[in-house]
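Residue numbering restarts at 1 for every chain, and letters A, B, ... go by the order of the sequence lines.
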Amino acid sequence: MPELPEVEVVRAGLAPAVAGATVSVVEVLDPRALTRHRGSSDDFEARLTGRTFRAVVRRGKFLWLPLDGGSGEGEAVVGHLGMSGQLLLRGIEAPRERHERVRIVVEHPRHGELAVVFADQRTFGSLAVDALVATADGAAGGWGDDTALVASQAAHIARDPLDAAFVDAAFGQTLARKAVAVKRVLLDQTVVSGIGNIYADEALWAARIHPETPASALSRRGAMRLLAEVRTVLRKALAEGGTSFDAQYVNVNGQAGYFAHSLNAYGRHGSPCPRCGRPIVRLAFTNRSSHLCPACQRRKAIRLPAVIVK
DNA sequence: CATATTTCCTGCCTGC
DNA sequence: TGCAGGCAGGAAATAT
């Protein structure tokens with residue numbers, strides 16, 4: 001469930017400890033953590049050992065750590081936390097985490113030796129050594145680095161709503177030509193990245209928009225209001241350290257965030273809507289759920305063409 | 001081309 | 001107490 005705020009907390013925690021650090025040892029404990037790496041575990045270890053991390057960069061829910069040197073535009077370690085992935089900073093003597101999959105020992109010129117531990121209960125997350133490619137729009141690849149490069153595995157992902165190079169007008173135009181439910185579009189990482197089920201439900205609640213509203217049925221003003229609410233909820237969650245329900249999402253020190261206390265709709269079915277007091281409901285949505293207030297978030301009436309009935 | 005469904009995985013929770 | 005089944009869900013692959 002790490003979405004943009006949670007991944008940004010991890011990025012910001014990792015950056016000061018890892019930027020400028022050199023990899024001394026790589027241990028792959030479970031090759032399923034490398035499903036997106038083109039090559040063996042040995043290849044991953046060999047490509048990484050001895051390299052120096054230049055930065056920690058994030059776009060949407062993707063993280064990448066550019067490596068110094070190399071050919072062409074260079075390479076990076078690209079990572080996605082999936083459902084339950086964690087990147088933890090530990091001392092080199094630290095015992096194994098419960099679901100530890102990869103351990104990268106680095107030597108930092110000021111902080112000394114550290115272990116970067118990738119732990120992942122459900123193994124939807126993964127790490128890979130990946131090529132860096134130029135960004136399509138020439139702007140910086142993401143948060144945390146000024147260079148106009150992006151990991152190739154994240155290059156097809158749209159910019160996220162907190163990215164300075166995100167284009168609001170293009171987002172509005174995309175919504176206007178999509179017939180599918182607006183919530184689906186919010187979750188489509190090729191349209192806007194960083195939003196998952198929690199923040200989609202929260203933003204739609206704040207904007208008083210029913211998740212099944214066809215995207216194209218929103219007015220331009222409605223679309224921009226939704227985008228503004230997306231940004232507000234992402235920023236608030238980031239300021240509170242992200243959303244943690246159990247031990248699934250934690251920062252690099254293993255600590256939970258506080259935003260779960262601020263949720264208005266997600267997971268609150270049966271509880272009163274904080275705005276109107278009527279119960280929040282849960283609706284089936286593909287293989288997951290939508291949480292909403294049916295009173296505040298009215299399904300927009302679809303204007304049907306006139307039909308002549310004999 | 002656009003949209004819908006399936007797949008990957010483990011741990012917790014419910015109901016029998 | 002055990003165990004089956006449901007559920008959680010991001011994104012790529014596959015199907016319609």
Side-chain angles (χ1 to χ4, degrees), chain A residues 1-8 10-11 29-38 58-64 78-87 96-102 118-128 130 142 150-161 173-204 211-217 230 234 237 242-250 256 260 263 265-270 281-291:
Chain A
M1 298 175 246
E3 304 180 27
L4 186 156
E6 294 76 32
V7 180
E8 177 55 25
V10 171
R11 189 206 66 76
L29 303 159
D30 187 340
R32 293 178 302 174
L34 302 181
T35 48
R36 293 193 172 86
H37 180 74
R38 298 171 183 280
R58 181 194 55 76
R59 178 190 294 198
K61 306 172 199 172
F62 276 88
L63 284 173
W64 65 93
V78 62
H80 197 292
L81 300 178
M83 280 296 300
S84 53
Q86 304 174 337
L87 280 166
R96 295 278 183 223
E97 294 295 323
R98 182 140 149 71
H99 299 290
E100 185 164 336
R101 311 290 183 194
V102 179
F118 180 66
D120 190 8
Q121 178 196 100
R122 276 172 260 184
T123 69
F124 280 19
S126 69
L127 303 179
D130 187 28
V150 58
S152 79
Q153 292 191 18
H156 66 296
I157 295 299
R159 290 184 177 279
D160 63 62
Q173 285 158 16
T174 301
L175 282 184
R177 60 184 158 71
K178 292 265 186 188
V180 291
V182 62
K183 181 170 169 180
R184 279 181 199 287
V185 184
L186 288 182
L187 295 176
D188 183 343
Q189 306 296 303
T190 67
V191 174
V192 54
S193 66
I195 306 168
N197 208 36
I198 297 171
Y199 298 113
D201 282 358
E202 291 299 303
L204 288 163
E212 296 297 331
T213 306
S216 57
V230 166
L234 293 178
T243 302
S244 306
F245 296 112
D246 40 34
Q248 298 286 3
Y249 160 70
V250 292
L263 295 173
Y266 185 86
R268 298 194 68 254
H269 44 290
V281 302
R282 179 167 67 170
L283 298 184
F285 173 78
T286 328
N287 283 332
R288 54 204 70 177
S289 300
S290 287
H291 309 78

Closest listed nucleotide, where the reference is the side chain of [X] and the choices are [options]:
X	options	answer
A:Arg32	B:dC9, C:dG10, C:dA12	B:dC9
A:Thr123	B:dC9, C:dA11, C:dA8	B:dC9
A:Gln121	B:dT3, B:dT10, C:dA8	B:dT10

Is any N or O donor-acceptor pair between the side chain of A:Arg36 and the base of C:dA12 shorter than 3.5 Å? no
Starting from [atom2] on [N], measure out to [atom1] on [X] and report it in whole angstrom.
X	N	atom1	atom2	result
A:Leu187	C:dA11	CG	P	9 Å
A:Phe285	C:dC7	CZ	C1'	16 Å
A:Asp188	C:dA13	CG	C1'	15 Å

For A:Thr35, answer base if it contacts any base atom (sugar-phosphate contacts may also be present), sugar-phosphate if it contacts only those atoms, and nothing otherwise; contact means non-hydrogen atoms under 4.0 Å. nothing
Under 4.0 angstrom, heavy atoms only, what part of the nucleic acid is A:Arg177 near: base, sugar-phosphate, or nothing? nothing
With respect to the phosphate group of [N], does any side-chain polar atom (N or O) of [X] fall under 4.0 Å of OP1 or OP2?
X	N	value
A:Arg98	B:dG11	yes
A:Gln189	C:dA11	yes
A:His80	C:dA11	yes

Contacts of A:Arg288 and A:Ala181 projected onto DNA chain B by closest heavy atom; the upstream (5') one is A:Ala181
Within the 3.5 Å criterion, strictly below it, is a donor on A:His291 or A:Asp201 matched to an acceptor on the partner's side chain?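 Yes - a donor-acceptor pair under 3.5 Å links their side chains.
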Can A:Phe124 be classed as stacking with the base of C:dA11, given a centroid separation cut-off of 5.5 Å and a plane angle cut-off of 30°?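 So A:Phe124 does not count as stacking on the base.
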